[in-house]
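Data first, discussion second: the structure below is written as structure tokens.
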Amino acid sequence: MIETPSLVDQYCHGVLRTELGLGTFEAHLLRTEGPPAPGTTLFDTQTGFAVRRWCPPLLGLEPHCAPARYLARRRELGVLEAGRRLLRGSGITTYLVDSGLPGDLTEPGELASASAAEAHEIVRLELLAEQVADTSGTVESFLANLAESVHAAAAHAVAFTSVAGVRHGLALAPEPPGPGEVRGAAGRWLAGRGVGGELSDPVLLRHLLWSAVASGLPLQLHAGLGAPGLRIDRTDPVLLTDFVKATAGLGTDLVLLHAYPYHRQAAHLAGVFPHVHVDCGAALVRTGARAATVLAEILELAPFGKILFSTGAQGLPELHVVGARLFREALGRVLGTWVAEGAWSLSDAQRVAGMLASANARRVYRLGQDG
């Protein structure tokens, strides 16, 4: 039996503080642009079936119970108690939390308290720049305040994360932009935005990426499936190859988040470049009963010391549970099969399982030893 007693969730968000009805729960279960097919719900997905399999027992119900029954039990317990039971039943001992999303989501400290686990902050670069822009009157003050804010964030965060792929696409020029280019782009962006306006200018996105690289903290890059309507051909991690080459040897680790359906490309980059790592989490939540197949495909190409677990969970504590349970089940199935076939020894399988579950993340994010 392959055991993973400790899990480090290397990328997630907080959970909602509000009670949810069927429609609002479904909206957070799976991000989509429109309603489900007539006569169905968004529970009729791999993620929905996984929630029905793994979450009801943590709330005192039978596995696979009907969604209406599950949500009624959830409301009966209340959002705080249900969230506490779900998070503490996930087996996750450390959360790395990107708090850069709008909505009534818990902060890292609240998540730590509810889950009786550790939580550390990941700083989203684009949100940081937008917050600085809201309080800076001139281009010069914006750029100076941005540099100061990145430096201050690096002192307390465990990593930076970027959604440049979501905002623009990953086919960005690989080199850092020059000072004049940055000033010009900042002037155009500030002149045309209102308070809270999103940053999508490619020059400023590159400036943020290189500012993060200079900090020395790990830099997470979103790839693959993302927001509804996103052109995923623009988020293939292969498009980052030149940037990856340009950052080699600078001392900053790159972590390719999500990546599915381009998980093999991400695994390939992790195999070729010493400073690149690949996330194996959110793809498993998306693929549910097929999670073992996806994990095996990542293990085909990526060195085992370069693969990190995450849930990518956002809003629903159920997604933390599903991410952790699917990972454990997929890892046990894949490695257990290789042990049974004689390809691996049990001791090697157990060692690799520990690397993926927590040890790799603790090394990359400098978290120290578990416990």
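Atom set for the values below is all heavy atoms of this structure, side chains included, hydrogens, waters and symmetry mates excluded.
Partner of Tyr70 under the side-chain hydrogen bond (donor to acceptor under 3.5 Å, both in side chains) criterion, chosen from Glu318, Arg52, Arg75, His64: Glu318.
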Practice problem: Just do the salt bridge (charged side-chain N to carboxylate O under 4.0 Å, His left out) check on Arg124 and Glu130 with the steps written out, would you? | Solution: CA-CA 10 Å; Arg124 182 175 290 209; Glu130 290 154 8; over 6 Å; no
Quiz item: Between Thr94 and His120, is a side chain to side chain donor-acceptor pair (under 3.5 Å) present by the stated rule, with each step listed?
Solution: CA-CA 8 Å; Thr94 303; His120 305 274; 5.6 Å; no
Quiz item: Could you go step by step and tell me if Cys55 and Val322 meet the side chain to side chain contact (heavy atoms under 4.5 Å, CB included) rule?
Solution: CA-CA 7 Å; Cys55 296; Val322 166; 4.2 Å; yes
Quiz item: Hey, mind stepping through Glu19 and Arg74 against salt bridge (charged side-chain N to carboxylate O under 4.0 Å, His left out) and telling me if it holds?
Solution: CA-CA 9 Å; Glu19 298 283 359; Arg74 202 180 191 272; 5.1 Å; no
Exercise. Give the C-alpha distance, both sets of side-chain angles, the deciding distance and a yes or no for salt bridge (charged side-chain N to carboxylate O under 4.0 Å, His left out) between Arg193 and Asp134.
Key: CA-CA 10 Å; Arg193 80 184 287 271; Asp134 286 342; 2.9 Å; yes
Practice problem: Take Ser136 and Asn145, measure what side chain to side chain donor-acceptor pair (under 3.5 Å) needs, and give me the verdict at the end. | Solution: CA-CA 8 Å; Ser136 300; Asn145 292 339; 3.0 Å; yes
Quiz prompt | Verdict with reasoning, Leu20 to Leu316, per side chain to side chain contact (heavy atoms under 4.5 Å, CB included) | solution = CA-CA 10 Å; Leu20 300 174; Leu316 301 179; 3.5 Å; yes
Exercise. With side chain to side chain contact (heavy atoms under 4.5 Å, CB included) as the test, would you mind laying out the steps for Leu217 and Arg366 before giving the verdict?
Key: CA-CA 10 Å; Leu217 285 186; Arg366 304 157 200 166; 4.2 Å; yes
Practice problem: Begin from the C-alpha positions of Trp54 and Leu326 and carry the test side chain to side chain contact (heavy atoms under 4.5 Å, CB included) through to its verdict. | Solution: CA-CA 9 Å; Trp54 296 111; Leu326 287 173; 4.0 Å; yes
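Expressed to the nearest 0.5 Å, how far CG of Asp98 lies from CD of Gln10 amounts to 11.5 Å. From Arg328, atom CZ reaches atom CZ of Arg333 across 15.5 Å, with rounding to the nearest 0.5 Å. Interatomic distance, CG of Leu335 versus CH2 of Trp344, reported as 5.0 Å (0.5 Å rounding). Atoms CG and CZ, on Leu61 and Arg69 in that order, are 5.0 Å from each other to the nearest 0.5 Å. Annotation: the span from Thr161 atom OG1 to Leu128 atom CG amounts to 12.5 Å, rounded to 0.5 Å. One distance of note links CZ of Arg325 with CG of Leu284; it measures 15.0 Å at 0.5 Å rounding.
The backbone N or O of Ala289 sits less than 3.5 Å from a side-chain atom of Gln46, completing a donor-acceptor pair. Of the possible donor and acceptor atoms, one in the side chain of Arg206 sits under 3.5 Å from a partner among the backbone N and O of Glu175. The backbone N or O of Glu198 sits less than 3.5 Å from a side-chain atom of Trp189, completing a donor-acceptor pair. Using a distance-only test at 3.5 Å, with no hydrogens or angles considered, no donor-acceptor pair links the side chain of Ser99 to the main chain of Glu107. Although no hydrogens or angles enter the test, the distance criterion places no donor-acceptor pair under 3.5 Å between the side chain of Glu26 and the main chain of Gly23. A distance-only check finds no donor-acceptor pair linking the side chain of Arg167 to the backbone of Leu205 [under 3.5 Å].
Note: Phe25 and Phe43 have parallel aromatic rings, judged against thresholds of 30 and 60 degrees for the angle between ring planes. The aromatic rings of His222 and His258 lie perpendicular to each other, with more than 60° between the two planes, well past the 30° mark. Between His263 and Tyr260, the two ring planes are parallel [angle under 30°; tilted spans 30° to 60°].
Closest approach of Leu199 to Ala129, counting heavy atoms only: CD2-CB, 3.9 Å. The two residues Thr235 and Gly165 make their nearest non-hydrogen contact at CG2-O, 3.5 Å. Annotation for Ala270 and Pro303: closest pair O-CD, 3.7 Å, computed over non-hydrogen atoms. Between Pro237 and Leu256, the shortest heavy-atom distance links the atoms CB-CD1, 4.1 Å. Between Tyr95 and Ala117, the shortest heavy-atom distance links the atoms CE1-CB, 3.8 Å. Considering all non-hydrogen atoms of both residues, Val278 and Ala266 come closest at CG2-CB, 3.7 Å.
Residues Leu208 and Val255 fall into different hydrophobic clusters, defined by Ile, Leu, Val, Met, Phe, Trp and Tyr side chains chained together at heavy-atom separations under 4.5 Å. Under the 4.5 Å side-chain heavy-atom criterion for ILVMFWY residues, no single connected hydrophobic cluster contains both Val321 and Val79. The cluster map of Ile, Leu, Val, Met, Phe, Trp and Tyr, joined by side-chain heavy atoms under 4.5 Å apart, puts Leu204 and Val166 in different clusters. If you chain together hydrophobic residues whose side chains sit under 4.5 Å apart, Tyr262 and Leu240 never meet in one group. Hydrophobic clustering places Ile307 together with Leu7 (ILVMFWY residues linked when any side-chain heavy atoms are closer than 4.5 Å, directly or through intermediates).
Annotation: side chain of Phe309 is in contact with side chain of Asp9 (closest heavy-atom distance under 4.5 Å). Looking only at side-chain heavy atoms (C-beta outward), Thr241 and Val244 stay at 4.5 Å or farther from each other. Between Phe273 and Lys245, some side-chain heavy-atom pair lies under the 4.5 Å cut-off. Counting heavy atoms from C-beta on, the side chains of Thr24 and Leu16 never come closer than 4.5 Å. Between Leu96 and Tyr11 the shortest side-chain heavy-atom distance does not fall below 4.5 Å. Considering only heavy atoms from C-beta on, Leu59 comes within 4.5 Å of Leu86 through its side chain. With a 4.5 Å cut-off on side-chain heavy atoms, Thr311 and Ile92 count as touching. Looking only at side-chain heavy atoms (C-beta outward), Phe327 and Leu356 come within less than 4.5 Å of each other.
A 6.0 Å sphere centred on NE2 of His151 holds no more than 12 heavy atoms belonging to other residues, nucleotides or ligands. For NE2 of His275, the number of neighbouring non-hydrogen atoms (other residues, nucleotides, ligands) closer than 6.0 Å is greater than 12. Few gaps surround CD on Glu76; more than 12 heavy atoms of other groups in view lie less than 6.0 Å from it.
A salt bridge is absent between Glu297 and Arg290: the closest approach of a Lys/Arg side-chain nitrogen to an acidic carboxylate oxygen does not fall below 4.0 angstrom.
Centroid-to-centroid, the aromatic rings of His277 and Tyr365 stay 6.0 Å apart or farther.
If you check the side chains of Glu126 and Ser162, you find a donor sitting under 3.5 Å from an acceptor. Between the side chains of Asp279 and Ser310, a donor-acceptor pair is found at a separation under 3.5 Å. Checked by atom type, the side-chain pair Thr45/Thr47 shows no donor-acceptor distance below 3.5 Å.
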